[in-house]
Amino acid sequence: MSAAVALCSLLDGASPAPPVLLDRFEYLAAGPGRTWSTDSVAYACLPTNPGNWKLDHLSPDALATDSGHLTVTATPRSDGSWSTGLLTTDNTCDNGGNKAAVTTGDVLLAHVRLPDSGSGAWPAVWTWRDDGNEVDVFEWHEDHPDTLEFVNHVRFSVHYHRAPAVAPGHWIYIGAHFGERSVTWYAGDSPDRIPAVHSDGTGVGPGFRAHPVVSLSVSNGHWHPRPTDATPIVLGVDCVTIQRPQAGPAAAAPDAVSGTACRSPR
């Protein structure tokens, strides 16, 4: 069995190994004793983070699952910041989070709907723990609508992935395999086969551990344009999963992964 088939089998439920994390957002499991926290110590000035060029003012009210998947909606505030939302499994703020973590060899995968438009939009899925351990599974900015940014801040690398499937309002699967010697990123619009699109050749090392973060930030204009009007910005997310292949952390990255675990069983 090839590495690609082996990991696809793991992700589509053929393996008895349960996922480290699987949330299809049929309801919002956030708050004390639940899967997610709505705060993160990555935001040095909670609930804001101006030092990282963000207009964010975190609020649980920006998060909803009424549409059958998670929506994160950013809206302007009278003080010039934008009310927006974040989810992480890290419980350092005592506001929820089950401490589920990505470790060396794991695959973190998300199915997201990029914002329709709206200058300032800055959605991302990333990892964080102990003031670092950051790997950006993706970042996206509205002024470069066909481009995903992949960044390994642990052993620095950066890559810009351009593809037709990357576009405002599009649903896309985006993931990363956290290899010891190379992080491999995946992107595509079919859950059956999400191909590898970049490997950085640096990796995260043998003892990597970090918590996933899903966020919708709003740029302050330093690197990317700030909002030009008050139009709300909306990110959709209908699945986040962490899978731990049974082959172990030293296994090579597969050339494709599957997102079929993200399909609702109903």
Item to complete: Say whether, by atom type as modelled, one donor and one acceptor occur between the side chain of T84 and the main chain of L58 under 3.5 angstrom.
Response: no
Worksheet item: Taking S258 for the side chain and T260 for the main chain, is one N or O donor matched with an acceptor at less than 3.5 Å?
Response: yes
Discussion item. Tell me whether S215 contacts the main-chain N or O of G85 through its side chain, where contact means a donor paired with an acceptor under 3.5 Å.
Written reply: no
Response to the item:
G80 and R226 have their tightest heavy-atom pair at O-NH2, 4.3 Å
Worksheet item: Quick one: which of D90, N95, L86 gives a side chain to side chain contact (heavy atoms under 4.5 Å, CB included) with S40?
Response: L86
Worksheet item: Looking only at heavy atoms, what is the nearest atom pair of G179 and T104, with distance?
Response: C-CG2, 4.3 Å
Worksheet item: How about T241 and Q243: does a side-chain donor come under 3.5 Å of a side-chain acceptor?
Response: yes
Worksheet item: Do the side chain of D200 and the main chain of V183 share a donor and acceptor less than 3.5 angstrom apart?
Response: yes
Discussion item. Strictly distance-based, threshold 3.5 Å: is any side-chain N or O of N133 a donor or acceptor partner for the main-chain N or O of R129?
Written reply: yes
Discussion item. Can you confirm whether or not the ring centre of F178 sits under 6.0 Å from the ring centre of F208?
Written reply: yes
Worksheet item: Is any side-chain heavy atom of D56 less than 4.5 Å from a side-chain heavy atom of V218?
Response: yes
Worksheet item: Is a donor on one side and an acceptor on the other found under 3.5 Å between the side chain of S199 and the backbone of G201?
Response: no
Worksheet item: Would you call D192-R263 a salt bridge at under 4.0 Å N-O?
Response: yes
Discussion item. Measuring centre to centre across the rings, with the benzene-like ring taken for any Trp, is W82 within less than 6.0 Å of H57?
Written reply: no
Worksheet entry | Check ion pair D238-R24 (N to O, under 4.0 angstrom) | no
Fill in: Least distance between heavy atoms, A165 atom then I172 atom
O-CD1, 3.8 Å
Worksheet item: Is the distance between the ring centroids of W171 and H69 under 6.0 Å?
Response: yes
Worksheet item: Taking all non-hydrogen atoms of both residues, which atom of N91 and which atom of G96 are closest, and how far apart?
Response: OD1-O, 2.5 Å
Practice prompt. For W36 and D23, test the side chains for any donor-to-acceptor distance below 3.5 angstrom and give the result as yes or no.
Written response: yes
Worksheet entry | Between S119 and T228: side-chain donor-acceptor atoms closer than 3.5 Å | yes
